Amino acid sequence: MGKLFAGARAVAVLLAVLVGVGVVVPMATPLLMILGAVAVLGDPEENNVRLLLATGILSLGAASLDQIPGIGMYLAGIFVNLGTAFMGASILVIGRGLLQRIKADWTK
């Protein structure tokens, strides 16, 4: 199973780079979110806080890379797309945590 999670992560990064430099990929946003969610399934829970922080930083800061002359628009596109993959992973982590809390509430 570990290879599946690693493969999803690698494909998400590759897809983020391709779309970020201008390659048109149909349904890229949902694909990135799904790949991010699959990739995080194999991560230990200790990484969740780092994942959520990275998602926020990528979502808020990636567009500012556009200000770098020459390559900024490509960097911004790549990191915005990585943020999309991280968002899919974060949504899964938040949902999984919510389910664990609900389960804990009802098993007491």
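The shown structure was predicted, so the numbers you read here are calculated from the model rather than taken from an experiment.
Gly36 approaches Ala89 most closely through the heavy-atom pair O-CB, 3.3 Å. Counting all heavy atoms, side chain and backbone alike, Val80 lies closest to Ala63 at CG2-N, 4.4 Å. Ala12 and Ala85 make their closest contact through CB-CB, 4.3 Å (heavy atoms, listed as atom of the first residue, atom of the second, distance). Taking every heavy atom of both residues into account, Leu31 and Pro26 meet most closely at CD1-O, 3.9 Å. The nearest pair of heavy atoms linking Arg96 to Leu41 is NH1-O, 3.9 Å. Nearest heavy atoms, Phe86 versus Leu51: CD2-CD1, 3.7 Å.
Under the side-chain contact (heavy atoms from CB on, under 4.5 Å) criterion, Ser59 pairs with Thr55, Met87, sequence neighbours left out.
Rounded to the nearest 0.5 angstrom, Asn81 CG and Leu32 CG are separated by 5.5 Å. One distance of note links CG of Leu65 with OH of Tyr74; it measures 14.5 Å at 0.5 Å rounding. One finds the CD atom of Gln67 at 13.0 Å from the CE atom of Met73 (value rounded to the nearest 0.5 Å). Distance check, rounded to the nearest 0.5 Å: CE of Met33 to OG1 of Thr84 gives 7.0 Å. How far CD1 of Ile34 is from OG1 of Thr29: 11.0 Å, rounded to the nearest 0.5 Å. Atom-to-atom distance recorded for Leu53:CG and Leu58:CG is 11.0 Å, nearest 0.5 angstrom.
Hydrophobic clustering (side-chain heavy atoms under 4.5 Å, transitive across Ile, Leu, Val, Met, Phe, Trp, Tyr) groups Val23 together with Val11. Cluster membership for Phe5 and Ile91, using ILVMFWY side-chain heavy atoms within less than 4.5 angstrom, is not shared. Val49 and Ile57 are not part of a single hydrophobic cluster, where members link through side-chain heavy atoms under 4.5 Å apart. A single hydrophobic cluster is seen to contain both Phe79 and Ile68, as judged by linkage of ILVMFWY side chains at heavy-atom distances under 4.5 Å, directly or through other members.
Between Asp43 and Arg9 there is a salt bridge, since a side-chain N of the basic residue sits under 4.0 Å from a carboxylate O of the acidic one.
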Open item on the list: What verdict does the side-chain contact (heavy atoms from CB on, under 4.5 Å) test give for Leu15 and Val19, after you've listed the backbone C-alpha separation in whole Å, the side-chain angles of each residue and the deciding distance to 0.1 Å?
Closed with: CA-CA 6 Å; Leu15 183 60; Val19 173; 3.9 Å; yes

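Between Leu75 and Asp66 there is no side-chain heavy-atom pair separated by less than 4.5 Å.
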